[in-house]
Structure formats: C-alpha cells, structure tokens
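As the structure is a computational prediction, the values presented were derived from the model and not from experiment. FYI, side chains are in, hydrogens and waters are out, and symmetry mates aren't considered; it's all heavy atoms of this structure.
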There are 2 protein chains.
Amino acid sequence: MLNAIAAHEVATDEIATHEIKAQEAYNQSQDQRLPRTSPMQAESSFKVACSNCNLRELCLPIGLSTDEMSQLDGMVATRKKVKQGGHLFSSGDPFTTLYAIRTGFFKTCVVSEDGREQVTGFQMAGEIMGLDGIVSDKHNCNAIALEDAEVCVMPFNHVEDLSRQIPMLQRHVHKIMSREIVRENGVMMLLANMRAEERLAAFLLNLLQRLHARGYSKSELILRMTREEIGSYLGMKLETVSRTFSKFSDEGIIEVKQKNIRILDHDKLKTIFNASTC
Amino acid sequence: MLNAIAAHEVATDEIATHEIKAQEAYNQSQDQRLPRTSPMQAESSFKVACSNCNLRELCLPIGLSTDEMSQLDGMVATRKKVKQGGHLFSSGDPFTTLYAIRTGFFKTCVVSEDGREQVTGFQMAGEIMGLDGIVSDKHNCNAIALEDAEVCVMPFNHVEDLSRQIPMLQRHVHKIMSREIVRENGVMMLLANMRAEERLAAFLLNLLQRLHARGYSKSELILRMTREEIGSYLGMKLETVSRTFSKFSDEGIIEVKQKNIRILDHDKLKTIFNASTC
DNA sequence: CGGACTATTTGATATGCATCAAGAAGTCAT
DNA sequence: ATGACTTCTTGATGCATATCAAATAGTCCG
C-alpha cells in the first residue's frame, strides 16, 4: 500500500480501538449540537478542557493518563472560530501557536511568487495545524476554512513547556510532525508517479479512511472542497478531476451528486489506486 | 520565491554568519583529509564529540552554549560508515535512532506496493535523517548512500531526554522537523505546478544553495545522483532530465560534463524557476 | 588493456492531460 | 422567485512529456 494512505492507516490504527464518535465535529457548522460559546470570553475551564473534549483520542492528548490530561488542560489558551472562507493564519504571519481543529474543515496552501496556488493538504477535526511555522517563526502557508470552523489555540511555548514535563506528550508532538512528513512523502509519490485516476482514487480512499476514524460511513462522503481545490492538491486541472469523477461514475465505482459521493465499489477503487499494470 | 527554495534560504540564513568551512564533508569519500577510524571501536571521546565537529553549525547543536554543547556530546552514541550504494536504513526497519550526516551524500526513497520508487529527497553533510520513522516506530523509507558516507548515530531516546533538559535543543529538533515539512510543501508545488525546465532549475538552485552554505562554489557542482534519480525526485523521466540539461546547455545557461555542472548564468536559472509567463 | 556493463544522449512517435470553449447546474442575494 | 455569480460538466484540439529505440560515452573489473 502506498505511503499516503499507509500513513493515515497508522494514524487510524492508533485510535481505532477507542470507539470515537465525533460525528458532530464534521457536520455543518450551522449544526447546534455542540456548545457554541464565543471565544475569548465566558469559556469556563470545563469547556476548554482537553480532558473533556470528544476529540481527545484523535488530538494531542492521545495516550495520556488522566493526571497528565489535566495538566494538559492549560495548554489550550482559548478557542477561535473561523468563518467559511476565512483565514486561520496566512503565509508570513508570525508564528506563535499551533491549532487543533475542533470542528470544521480546512485547506492549507502555499502560493508561489508568481501567484500559483498549491493546496498542500486538507485538515479535519482532531488534526493539528501550524507546524509549518516553527522553522522560521512565521507561517509558511495559508490555512483557510472550507466551512465554519472552531479551533483550539495552543501557544507553542506552552506546548514545548509541557512537552518537557510530560514525555508522553513530547513523543506525541514528535509523532504528529513525523506523520506529516510521511504523509507528504506519499503525496510526492502520488504527484510524481501516478495517473489521474490513481490520484483521485487515492484521494477518495484517504478521505474515507480519515472520516471513518471519526465515526463516518466508509461508503459516503461530502466533499468540502471544490473540484479546483482537489485538482490543485492532486496536481491536475479541475476539468480532469470532473472527467475522472464522471468516468468512475460511468464505471459504477462511485455515484456523484455534486459534492456528495457514494462509494459503490470500494475494492475497485483500491484496485485502481494500486494499479501498476495498465 | 518558491517555498522549496525559500525553506532552504531560511536554513541558510541561520548559519550564514558562521563562516563554515565544511569542504571536507562533501568531498569524495576517498579523500583522506578527515580522520578515518573504524566505527564501533577505538573512537576516542574526542572524536565523537559534537563540540568538536566541524559541522556543528549545520547540524543539531546549532545555537547551543558551550555548556549545553558538552551535554550534547553524549547524544551521539557512535558513528557508522555506509558504503556507496549501501542502506543506512530501509523501509520497515525498526526505528530507534536519528542520523546526522558527517560526510557523504544520501537519497531517501519510498517504494509503493507495486514497486514504483519515488526519491523523496537528497541529503548532505549536517542534515538529519530518520525523522520519518518516529510516527510508527519503524522507518518508512530507504536511506541509501550515493557515495561512501559516515553518519553520527543518535538514539532517539537520548535526543528526547536531552530535549527535555535543553529547551534550545528541543526547539531545534522541532525546527528541523518543521523545515522538512516546509521543504516537502515546496516539492509538492514543484511537482504539481511546474514544467520540466522549472523543476530542474529549482533543483539546481536548491543544490547550489545548500552546497554554498557548506563552503562550496555557487557556480559549480558535482551531481552525486543519476539522471534517473533526479527524474524520480522531480517527477519526470530520465530522458526528459537529460534533454532539459542539454537545452540549458544549448542556451548557455549551464555547462554539462557528465555529473559536473558549471553554472554560466545564475540569473537566467532563477528566471526560469520563477517563470509564470510562458 | 579489453569486454561487459551502466549511464547518458538523442531521435521518432504516442498519449494523457491541459487548454480553450460553451453550456448546464447549482447557489446566493435582493 | 429572478438575475448574477460560481461551480461543474462535457467536447474539441494541442502540447509537453512519456515511451520506444538505438547509438555513444563512461565505468568497472579481471
């Protein structure tokens, strides 16, 4: 299996035994099932506590004891909401904090001098953003919400301080960064070696897997991004993305209704993804 | 400027003021100017000391006080030599240590299930390898020496222990990982958006910059890898790499003599790299 | 030194995807 | 609801690079 997917399988394995139900985290932001308090105020210590978060097995506190978990509660300084289309941070912004996604869906993208945009990833609940900023103390990409979102703000100094006190946390921070490196290795393979169909199959399988780890169906998903954003991520034009969706649809592999995708033949997707012989 | 290069510029900036002369580190391994003792034995404490290494401003100890530096000396358990073509580690190997390159030149590559190989990076003196292994406690790629090489073996447990004691080291470890993430972002941009000429120009400029930071000429370099390996890294076939070299040569931008490249028009290379309008 | 191998260059042709174009479908605001 | 906008789909054509092929140059080793 290719590394792009393999990386996420590792991630999934770690949490698979925990019976996570984080459905709320991925639903529309209009959804009111989660408590909605305005950030920076009226946040009871209860509400910003990692120890109480329904994402705790996906997010930074993974594998910590209850004792350590309560130490960790101080790590999240506050929460922040980002409207659809809003920037969580932008390239060039000073880096001070990492962000853990509580609800919503993001894309990260870099922009070259001449204006070409490259989507470098899509992030969902429980995933950490901002790691790109550590190296030069300023952010190196844009993080844009693809739907209304809420993130936990974790000042990086706190993270480092706590990491020095809690080896388990230190290890986890390292793993999160390593996982990102491995993920990007997989994307490099994808971009350099694969054809359009393989790329899109890999993309869908990867999304499905991550959503499944969050309690969603393995056979259905809603794309939060446009064809153009998918294309940017996969190194192809939006027309090619559209055509490839249509082709999969014609072949009875998936059913496409705008942004709603239903997987009809999971195995066939996997076969396409692994195809060397064609 | 594109991020692939920008990332390395940051790295370079950090060390640019230090007057590094690490020429020896990149020369042919036949070169006898560096002491050559067999690993695992007869290594005096003097020889494995970071505090005494001529790469200390490129490598992990960057920015540490002499006090901290001597603490660090215990981090390198031993040194290890790798013959040209030899594997420093392979995908699937248990991960226990990071490696700092002392001399020599490496490639890292991932291999997909169906056997397609993707070169994910080229590493030279002072750079750290093995970060891919942290996430799953086993290596995720192959690290292969492109010339006879010597590396410092740094058990990751030691690195983590010391990181907890030396905040400056902790920060530096984080920066190294973040830099790798940012580098890979740049490669994604390259693979997804650029044409063959732009990719090769970016590749050459990047190598030149890193070599320059190690005391080498900005106008000459020796390629340690084959056209095929360059092609794999850049997502193109070896024939296209060769043709693009020839084209640059015809246009008077570079002079190609096998693996020896002389840069005749650095600015033109940069222009090609930045080209959006063509 | 000579033979076998690997790496590189160059040419001819094929092809997958980009580009250009136009229309359809969906979304949003008033 | 209606018009303006964005997003998506589909078709026709072109091009950059892959593929196939063969010759040349360089390297290794007995």
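- Checked for salt-bridge contact, B/Glu239 and B/Arg243 miss the test: no charged N lies under 4.0 Å from a carboxylate O.
- Ion pair A/Lys107/A/Glu117 flagged as a salt bridge, since at least one NZ, NE, NH1 or NH2 atom sits closer than 4.0 Å to an Asp/Glu carboxylate oxygen.
- Between the C1' atom of D/dT17 and the CG atom of B/Leu190 lies a distance of 15 Å, rounded to the nearest Å.
- A salt bridge links A/Glu197 with A/Lys247: the distance from a Lys NZ or Arg NE/NH1/NH2 to an Asp or Glu carboxylate oxygen falls below 4.0 Å.
- Between A/Glu150 and A/Lys81, no side-chain nitrogen of the basic residue sits less than 4.0 Å from a carboxylate oxygen of the acidic one, so the salt-bridge criterion is not met.
- Each of B/Lys237 and B/Gln84 lies near DNA chain D, and the nucleotide nearest B/Lys237 is the one positioned closer to the 5' end.
- A/Gln118 and B/Asn193 share a side-chain donor-acceptor pair at under 3.5 Å.
- Within the nucleic acid shown, A/Gly231 has no heavy atom closer than 4.0 Å to any nucleic acid atom.
- Electrostatic pairing of A/Glu127 and A/Arg179 does not count as a salt bridge here, judged by no charged N lying under 4.0 Å from a carboxylate O.
- For the atom pair CD (B/Glu229) and CZ (B/Arg224), the distance works out to 13.0 Å, reported to the nearest 0.5 Å.
- With hydrogens and angles left out, the side-chain atoms of A/Gln123 and A/Thr108 include a donor and acceptor closer than 3.5 Å.
- Put simply, chain A comes within 4.0 Å of DNA chain C, heavy atom to any atom, from C/dC17 to C/dG26, going 5' to 3'.
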Do any N or O atoms of the protein come closer than 3.5 Å to N or O atoms of nucleotides 6-16 of chain D, and which pairs are they?
from   : atom 1 : to       : atom 2 : distance (Å)
D/dC8  : OP2    : A/Arg227 : N      : 2.9
D/dT9  : OP1    : A/Arg227 : NH2    : 3.2
D/dT9  : OP2    : A/Arg227 : NE     : 2.8
D/dT9  : OP2    : A/Ser242 : OG     : 2.8
D/dT9  : O5'    : A/Ser242 : OG     : 3.1
D/dT10 : OP2    : A/Ser246 : OG     : 2.6
D/dG11 : N7     : A/Arg243 : NH1    : 2.8
D/dG11 : O6     : A/Arg243 : NH2    : 3.0
D/dA12 : N6     : A/Arg243 : NH2    : 3.4

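- As rounded to whole Å, 11 Å separates atom P of D/dA18 from atom CG of B/Leu234.
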